[in-house]
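Please read the structure below before turning to the comments.
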Amino acid sequence: MLDMKLLRERTEFVRERLATRNAGDETKVTEVLALDESRRSALAEAETLKARRNSASKEIGGLIGQKRLEEAESKKAEVRALGDRIAELDKTAAQAESARDALLLMIPNLPHASVALGKDAADNPEIRVHGQKATFDFKALNHVELCEKLRLIDFARGAKLSGSGFLLYTGWGARLERALINFLLDLHLQEHGYTEVAPPYIIGEHCMVGVGQFPKFRDQAYAVQEGLDTSTMGKLYLLPTAEAPVANIHREEILAEKQLPVRYCAYSPCFRAEAGAAGLGTRGMIRVHQFDKVELIKVVHPDQGYEELEKMVQNAETVLQRLGLHYRVINLCTGDMGFASAKTYDIEVWAPGQGTYLEVSSCSNCEDYQSRRMNLRFKRESDGQNLFPHLLNGSGTALARLFVALVETHQQADGSIRIPEPLRPYLRAEVIPAPTAAA
RNA sequence: GGAGGGGUGGCAGAGUGGUCUAAUGCGGCGGUCUUGAAAACCGCUGUGGGCUGACGCUCACCGGGGGUUCGAAUCCCUCCCCCUCCGCCA
C-alpha cells in the first residue's frame, strides 16, 4: 500500500500519478485523507485523556497503599468518567483506521516516472527484440496439432479429469515439461545467483493480501476448504503464482542490511480461476487453469531496485536465448500495469503456430508497495533506521507458453521436434521423435 | 480426531491486580583500564503511532482480538500458533 505520509504531504503528486493508470483510483485519495484526519484527531484527544488517567491511577494506588480509602474512592469516581470518553474516542479512531486501511488496500501502486503514459496494451513501448520469426519450408503445425500428433498432451483426457483448462501431459510431453523446469532452475541457481526455495502450494489469505492479489482479485483465486468443514472455506488458497508465498517469506521481519539483496528462485504450479476471461475457451495451452512456472523474487535495497529489475529481465531473457526462441521485451504503460507494480517489463515469445507473441514473463519492481503491506523492513546500518526494501518479482519463465513456443519453433519437416542444445542433458535426448505408424 | 503442556525484549528466563518505566543472565554496541587483547567495571541496547519548527512530550504493544477494573503481562471470553503423547495416514 501507499505511504500515508506521502499521501498527506504530496497529495497532488499522488493524485496525478494514480490518474496515469486510467483506473479512476485518484478519486479515493480525498476519502482516505478524511478518514486519516478523523483518526488522528480522535487519537490525539484520547491520548491526552489516557495520560491523565494513567497518572490518576497511580495516585489511587498510592492512596490505597496509605490506607486513605475514602480519598481513593472519590478519585476513582472522578476517573471513571474519563474511561467512558476514552472508550468512545478509541472506537472512533479504530473505526477510522480500519476504514482508511481497507481503502488504502484498494489503491494501486504509483507508476515509476520512467513508465510510458498510455491507456492499454496498444500503448506499450517495445524495448528490444531478439532473433527473428521462424520460417518453415514445409507446412508448419500449431502446438495443438503437434501435441496431439506426438502425444505430448492428451487434451481430451485432461478435460475428462478436471474440466477444460487442465492439461494431461503424456510421454515425451511430460518429460519435456520436467526437463524445462530443471533447466530453468539450474540456470538461475548456477548462473544468476538465486537461491532455490520450494514453497507450499496452498497459502494463507495474508500472503495474497501481502502481494496485492487481495482484496481486489479475490474472484480469480481457487479457495480451498478442509473436507466438509465449510467454516474453513477461504482461509487457504491455491497459489496463483509462487510470488505469493515466496515474496512473503520474510514478512513482518526486520532484515539486516547486509542480508540484502535476497534472491529466491522457486518452481511451482500456478492456479488461476480465470473467471470471466475471454480466452479460456481457446483450445490448447495458451490460457489454462493450471500451469507450471519458475519464479524469481528479490528483496533489495531501494537504491538498487531498478538496477536489479534490469538484471532480472536479462535473467529471464537468457532462458529464451538459450532455447533459440525469438522474443521481444516490452514495457507496460501506465494504463496496462499490474496493481502492485511501479514498473513492469513483459517478455513475449514468438509462437509461429499461433502467429502471435505470447507473454512468458512479467518482471516488476513493486518498490515498497508490497513490503509495506507485509511489514517487511531492513535495518539501515548507518543510522539504525528501519526502511522498506524494494520487492521484485519476475517469471523465469512460465512453462506452458514456453512449451508452445518451443515445439512450434523447433518442429522439423519429418514431424520431429529438435531439442535445443542446452536442454538436451535434461531431456536426455536430441529430438522428440516423430510418431511412427505403429504408435 | 483424542489428551496434556506452552506462547514475555535479539536469545534464555522471572513476573498471579498498583513505582512493570518488565527482574536477572547471555548476546550486541560504546567507554574505562591495557603496548594490544582477554578479564573486570560503567553506560547504552525493541516496535509502531500521535503532537511539535525543534529540544522534546506522550500513547500503545508481554501470540491476535474482545471483556472486567480507577488501573491488566497478571483475572475472564475467544481465536491463532508451537511442543509432547495416543489414534489414523503417504
Side-chain angles (χ1 to χ4, degrees), chain A residues 1-9 32-102 104 198 200-210 224-237 245 248-259 368 371-389:
Chain A
M1 61 181 130
L2 298 178
D3 183 3
M4 202 53 231
K5 223 177 246 163
L6 185 73
L7 263 118
R8 281 206 292 264
E9 288 165 11
V32 168
L33 285 173
L35 287 166
D36 183 58
E37 176 53 39
S38 69
R39 168 182 176 264
R40 281 183 301 139
S41 68
L43 210 56
E45 193 184 342
E47 289 183 357
T48 309
L49 297 181
K50 278 182 190 174
R52 218 189 291 166
R53 182 179 69 181
N54 284 347
S55 64
S57 289
K58 247 173 216 160
E59 284 176 44
I60 292 172
L63 290 173
I64 291 174
Q66 296 166 42
K67 303 274 191 244
R68 290 155 70 181
L69 298 179
E70 270 178 40
E71 285 169 74
E73 282 308 315
S74 74
K75 196 91 191 166
K76 275 192 198 179
E78 211 175 288
V79 181
R80 195 168 291 136
L82 273 183
D84 296 343
R85 178 67 184 144
I86 288 170
E88 222 172 276
L89 288 164
D90 272 347
K91 199 175 162 195
T92 306
Q95 279 172 350
E97 181 172 337
S98 68
R100 179 196 71 177
D101 290 347
L104 265 180
Y201 300 158
I202 298 181
I203 57 180
E205 184 180 29
H206 54 285
C207 293
M208 300 289 266
V209 173
V224 303
Q225 170 180 306
E226 287 175 30
L228 300 176
D229 184 353
T230 53
S231 73
T232 62
M233 182 64 184
K235 288 186 176 164
L236 295 169
Y237 294 84
N248 276 287
I249 287 175
H250 297 291
R251 63 177 294 123
E252 286 153 45
E253 291 181 21
I254 301 175
L255 302 174
E257 186 171 2
K258 59 173 183 274
Q259 286 178 262
D368 60 0
S371 49
R372 203 177 285 284
R373 277 176 170 242
M374 59 181 75
N375 202 19
L376 161 60
R377 291 159 294 168
F378 73 95
K379 191 173 283 292
R380 193 204 271 155
E381 247 169 72
S382 57
D383 60 359
Q385 273 228 33
N386 293 329
L387 304 175
F388 292 103

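In the text below, chain A, chain B and the rest are named by the order of the sequence lines, each starting its count at 1. Only heavy atoms go into these numbers, but all of them, side chains included; no hydrogens, no water, no symmetry mates.
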Nearest-Å distance once atom C1' is located in both B:rA60 and B:rG9
16 Å
Please state the C1' separation for the pair B:rC57 and B:rU74 - nearest whole angstrom.
29 Å
Near A:Gln225 CD, under 6.0 Å, is it more than 12 heavy atoms from other residues, nucleotides or ligands?
yes
Taking the side chain of A:Ile254 as its heavy atoms from C-beta onward, which of B:rG50, B:rU47, B:rC70 lies nearest to it?
B:rU47
On RNA chain B, nearest-nucleotide positions of A:Ala44 versus A:Gly62: which is more 5'?
A:Gly62
A:Lys75 NZ - B:rG18 P separation (whole Å):
20 Å
Between A:Glu47 (CD) and B:rC51 (P), how many Å, whole number?
9 Å
By the 4.0 Å heavy-atom rule, please label A:Ala51 as base, sugar-phosphate, or nothing.
sugar-phosphate
Rounded distance in Å - NZ (A:Lys379) to C1' (B:rG28):
12 Å
Do A:Asp84 and A:Arg80 meet the salt-bridge criterion of a basic N to acidic O distance under 4.0 Å?
no
Answer for the Watson-Crick or wobble partner of B:rC41, both distances under 3.5 Å, is B:rG31
Please tell me which of the listed nucleotides, B:rC70, B:rC59, B:rC51, lies nearest to the side chain of A:Asn54?
B:rC59
Calculate the interatomic distance between A:Arg68 atom CZ and B:rC70 atom C1'; express it in whole Å.
16 Å
Can you tell me the distance, in whole Å, between the CG atom of A:Asn375 and the P atom of B:rG46?
18 Å
Output the rounded distance in Å from CZ (A:Arg372) to C1' (B:rG49).
14 Å
Distance, rounded to the nearest Å, where A:Lys58 contributes NZ and B:rG17 contributes C1'
15 Å
Taken to the nearest whole Å, CG/A:Leu43 to P/B:rC59 is 12 Å
